Amino acid sequence: MKIFIDLEWFFRAYWKKYAMAVLLFLIIGVADMMIPLLTGRLIDDVVNQTMTQNRLLLYGGIILAIAILVYVCRFLWRVILFSASYKLAEILRQRIYSHMTLMAPGFFQNHRTGDLMARATNDITAVEMTAGEGVLSATDGIITSIFVLSIMLFAIDWRLTAIALLPFPVMAWYFRKIGTRLHHSFKKAQEEFSNLNDRVQESIAGIRMIKSFGREEFEDADFLKIADRAADANMDVAKTDSLYDPAIFLTVGTSFFLCVGYGGWLVHLQELTLGQLTSFTMYLSYLIWPMFAYGWLMNILERGSAAWLRISEILETRSPVSDQGELTGIDSPSIEFDIQSYRYSDVSEPVLRDIRLNIGAGDTIGIVGHTGAGKSTLVNLLIRQYEGPEARVNISGKPVEDYRLMDLRNLMSVVPQDPFLFTASIEENIALGRPDSTLEQVREVARLASIDDDIVAFPNGYDTLVGERGVTLSGGQKQRLSIARALLADAPILILDDALSAVDVATEKNILSHLKAARHNKTTLIICHRLTAVEEADQILVLQHGEQEETGTHSALIRASGWYQRMFEYQKLEQTVESGR
Amino acid sequence: MNQEDNVNNKAPKRSFKRLLSYARAYPRLLVQAAVLLLLATAAEVSAPILVKIFIDDFVTPGKFPIDGLVTLAMLYIFLHLLSAWSGYLTALKFNQVAFSVIRTLRTQVFGSVIRKPLSFFDHTPTGSLVSRITNDTEAIKDLYVQVIPTFVRNSTLIIGIFIAMAILDLRLMLVCLFFLPSVILVMLFYQKYSAIRFHRARSVLSQINASMNEAIQGMKVIQFMNQQKRFSRKFNRVSDDHFSARMDNIRLDGMLLRPMVDLLKILTLGGLLMFFGAQSLTGPVEIGVMYAFLSYLTRFTEPVIEMTQRLNLMQQAKVSGERVFTILDGEQESFPQSTSSISKGTIDFDNLTFGYDSNNPVLIDINHQIPEGEFHAIVGHTGSGKSTLMSLLLRFYRPDSGQIRIDGHSIDNIQAESLRQGIGIVQQDPFIFVGSFLDNICLGKNINRERIERAARQAQIHDFIMMQPEGYDTIMSERGSNLSTGQRQLLTLARTLAHDPHILILDEATANIDSETEAVIQNALARLRGKVTIVAIAHRLSTIIDADQILVLHQGEIKQKGTHQDLLREDNLYRHMYEFQQQSEELEVLGMEITN
């Protein structure tokens, strides 16, 4: 029931709708109660032979009026009540979405996509059901029960009521027993289904092996065993689940038996009329639904409660990186790294140690090193994806935290190694940062990124849809598109984080020379594996195991005969082999 | 070409009939269920008649003879118990049929999937395949467990009730009859208009979820480009769209579903009462009959409503059925002319050309012979096509042109059994499944214990296995995760040796073996020289040097052929590859990790 309190903010905002719905329920309740009453009176009139044609027509008219009134009210409450609960769902969706836009990337690393999606879909549905079906069954159930019981007890006969209701507590107890047994066998059935899933997954993953060893028949036999177990578990569930219907049937039957038996006796004693007995029987049937509704209601509330917890957990999470700065942009920014040490919070070894690097405005810097040397971490500190107490990163002398996040981001364009394309046209993807760009502006950066030719070759050119439901671009094409995107944003600092790994050597050379011309006075950071990309950099930083191994220009590093030189020669040889010579 | 796209509109009807046809395999159960159902129904619909008798023959006249009362009461109780018991058994029988059908369907689909050619798996995401075999069959299960029994039971009940009503009073029964066609009409009307609205709401929801998913994956980019507000606004618009689509739905539901059915029910009741009342004005009537009819009225309206509520389950089952049948009817691997077998192990690649898609050939005009018992190595950089050549040799794909021959027979003519047994692989990342060591070595074939142990000893893993708690019968954990990489390699070596193939493929595509494991493999290979034809996708220099012939591939073509010494003499690709390999190994030893 607590969930109703949790959602109090919503009920308060939409109280008019809920009040209206309750009112409609009351009207329907009253109208519904009239029907057995009228039936009883009509029967008594027939028995007592006081029926006349006019009276009959009157009965007919009232019933017709009630029928139509009830129909209209039922339609109305559905529309009103569900419009409220549907609204709740959309409110929650929109809140979750906008909340996520405020979360730093660390948030998305702590929460798996599948989990977030489950909260944004299934959990929202569960909460919506509480505000809709939950309120419905609670209200309808309560109103119906109160009305019906009152009439049965006070307007007809309390003794008959007591006797007729005897079987129901027994049924409730029996239901609970079935419920527990069902819970266990249901869990077992779910486990078997899970096993089935896992088995199929495994077989398909190992299809090569199955084929190369000719294991098809063996797999068939094995699968049959699991499918058999699943069928048996399902049968177990069915055996218990099928007990509900007979239980209900027998309870209701017994109740009616008692009702008619004792009621008939009362009629004989003239303490009750046949009409009243008929009404009573009809009212009895009205009680059946609220009883089931109760169980269903508990189920909905339970699920809604759990779901709400998960949703509010997300909504109350704060971003790992705070936005408290006040400085806005700067022209010609310079960058200063002064990192004593940096470690990810849960791992004890520092990932970066003793890095001191100054990058002047307009410089081109290369950062190289083996995989895991810490290159990307350096960039992540610059863009404030992470931060650490002993890792100082300054822009033109001021710490990065002192800048407003939005302005900091405006200063830099990052091209990641694994670019993300949205389900949209190529043009829209490139113009992501500057949605108001013209096609000509988009084409200009596409040319610089050496991708314009590829795009016009597509059947729909720049309107071609990419992303999940669109055309799949090759790794190299995605990277070039990402570069174009960053170029369009035209920030003072461009960061290529291993952004050319999927691009071949010749194209890479092309792009770099375009960049050099286009970004003449702007700062560029190139992080890569292929050393040919940084040959012309103003400075190159070699990172090894998080430390600054060598620093210098290309020629200086070649002369130094260290890591850089060896790697350079090795890569030259690799290039030869790759081109087939 | 995605098979999912080839579903046309006629398919739903056909798939429904096909789904039902599976039940024909269980005639005895169905007959039993039918008999029990009739029994339960007859018992159920007779009860109100007893009540009528009580009211008309006992209450109204005011006479209560004990014998009569007791008989009536006993009969009533008996009928109820009979109905409950038969009803329970009917449900069980239906369920049995249902679960047997699903089991059959599942094994059929599974068997069909694993016999599809490998190209099928390249184009179909694993997730969707698993879904076919598990989730789609669950939806079909719902059809059998929830929809069909409901329809059969409820239809029988309704017919039974109407027969009973007709026996009591034909004209009153006719009044009630008005209810049925009205409901059916309303339902048909509803189906027509709701389908569009339903699909619209579903597709908008799909969009919302896709947007949410995309936002989660790409939030970093959205934030770096400072586009949070724009994306939020876009999302909110779709969300509002969803709201109006659902409101559309609920308005239609509110008009035509439950409220309408209830309206019809009350109108039917009104009709009954009017008719009854009018009858009473012109002659005597029996109250008990009215009582019985009121009783029946509830009992047949609920089943009708229940059936309409199950309609959308039926819809889902049909769609799932289509998807499952698409797989069952899809292509299967077949080699109809298989008559030959492998006995020696000579391999002949004859003018082979192949591409995964027709525009990009991965192998071009490959010509090479490997005589029986020789050891040939294939080298080449990434993208050279060497793995593809092995896949073709294993008959995973058919070449676009040219042929592969083994012992002079075209590979297509070789019996599957002989091919699989005749060619063995030692893989870099072997697939180890949940089972015992024994299972993983024999893979279900009947190999005698002696041969197994001999193979394990040759692979130098016998001692390790014997140290396990149950020796060869010890079950390995998921995918052999408690074994080291080296041990898994040796296990796969033992597996291959135990099967005694004529041709052995060594897949060394990446070079991550420790030197000990490498030595064991080299030893085993050395012992097989001359007896088994060995084809190696080589990476390590030590492997390459010993080969009888080396094939140098570059971008799908054979660039050079010869022995190691011959090839080194030319200042060409092979020599550079060799030097490059050496340098890689040197740098690794120095601890200078290779960047790739």
Side-chain angles (χ1 to χ4, degrees), chain A residues 42 46 51 56 60 63 67 71 74-75 78-79 82 86 90 93-94 97-98 101 105 113 116 120 196-197 200-201 204 206-207 209 212-216 218-220 223-224 227 231 234-235 238 242 246 249-250 253 260 264 267 274 285 370 406 409 420 432-433 529 570 573 576-578 580, chain B residues 51 59 62 80 84 87-88 91 95 99 103 106-107 110-111 114-115 121 126 129-130 133-134 209 212-213 216 218 220-221 224-226 228 232 235-236 239 243 246 250-251 254 259 263 266-267 270 273-274 277 280 287 291 298 381 394 420 425 431 443-444 554 573 576-577 580 583 593 595:
Chain A
L42 186 146
V46 169
M51 182 59 81
L56 191 61
I63 291 182
Y71 176 71
R74 284 209 163 107
F75 171 78
R78 270 181 176 76
V79 172
F82 286 120
Y86 291 171
E90 300 311 327
R93 279 195 185 101
Q94 294 180 13
Y97 192 94
S98 66
T101 62
T113 307
L116 287 175
L196 195 71
N197 240 306
V200 176
Q201 190 92 265
I204 294 183
I207 188 70
M209 191 201 74
S212 45
F213 285 99
R215 272 174 60 82
E216 286 91 345
F218 191 75
E219 292 283 315
D220 278 344
F223 182 79
L224 184 61
N234 279 327
M235 199 60 209
S242 307
F249 183 73
L250 284 175
V260 172
V267 169
L274 263 177
S285 66
H370 62 82
M406 186 171 95
R409 286 165 182 160
F420 188 76
L432 185 68
H529 286 129
Y570 174 77
L573 188 55
T576 318
V577 168
E578 269 178 11
Chain B
V51 176
V59 178
H80 260 75
Y88 178 68
N95 276 311
F99 300 136
R103 187 187 48 214
R106 276 182 177 151
T107 38
F110 181 76
I114 60 176
R115 286 172 175 79
F121 293 92
T126 311
L129 275 181
V130 176
I133 301 175
T134 54
N209 289 339
M212 187 74 81
N213 199 319
I216 295 173
K220 212 157 92 169
V221 181
F224 285 153
M225 298 268 150
N226 280 323
Q228 298 96 309
S232 280
F235 182 78
N236 291 351
S239 161
F243 177 74
R246 293 182 88 190
I250 199 70
R251 275 188 281 263
L263 176 66
I266 301 180
L267 289 179
L273 291 173
M274 290 299 104
S280 77
I287 308 291
Y291 196 89
T298 330
H381 213 65
L394 287 167
R420 296 308 166 214
I425 330 178
F431 191 87
L443 297 178
H554 178 71
L573 178 57
H576 297 145
M577 281 181 74
F580 179 65
Q583 268 212 29
E593 303 171 33
T595 52

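Sequence lines set the chain letters: A, B, ... in the order given, protein chains first and strands last, and positions in each chain run from 1. All of these numbers come straight from a predicted model, not from anything done at the bench.
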Considering only heavy atoms, which portion of [X] lies under 4.5 Å from any heavy atom of chain B: side chain, backbone, both, or neither?
X: V267(A); value: side chain
X: L42(A); value: side chain
X: L56(A); value: both

Applying a strict 4.5 Å limit to non-hydrogen atoms, the region of F224(B) in contact with chain A is both
Please state whether the side chain, the backbone, both or neither of F580(B) comes within less than 4.5 Å of a heavy atom of chain A.
-> both
Applying side chain to side chain contact (heavy atoms under 4.5 Å, CB included) to H554(B) and not counting sequence neighbours gives K559(B), L573(B)
Winner by heavy-atom pair count (cut-off under 4.5 Å) against chain B, out of [options]:
options: F75(A), F249(A), F420(A), Y97(A); result: Y97(A)
options: R74(A), R215(A), M51(A); result: R215(A)
options: T576(A), L196(A), L432(A), L274(A); result: L432(A)

Which is it for R93(A) and F235(B) under the side chain to side chain contact (heavy atoms under 4.5 Å, CB included) test, yes or no, and what are the steps along the way?
-> CA-CA 9 Å; R93(A) 279 195 185 101; F235(B) 182 78; 4.2 Å; yes
Does the side chain to side chain contact (heavy atoms under 4.5 Å, CB included) test come out yes or no for V260(A) and V59(B), once each step is laid out?
-> CA-CA 10 Å; V260(A) 172; V59(B) 178; over 6 Å; no
Evaluate the side-chain proximity of F218(A) to L443(B): yes if any heavy-atom separation is below 4.5 Å, no if none is.
-> no
Best-contacting candidate, [options], against chain A by heavy atom pairs under 4.5 angstrom:
options: G254(B), G270(B), S239(B), G277(B); result: S239(B)
options: M212(B), R246(B), Q228(B); result: R246(B)
options: R251(B), M225(B), R420(B); result: R420(B)

Hey, what's the ring geometry for F223(A) with F110(B), parallel, tilted or perpendicular (30° and 60° as the breaks)?
-> parallel
Mind running side chain to side chain contact (heavy atoms under 4.5 Å, CB included) on D220(A) and R115(B) for me, showing each step along the way?
-> CA-CA 11 Å; D220(A) 278 344; R115(B) 286 172 175 79; 2.9 Å; yes
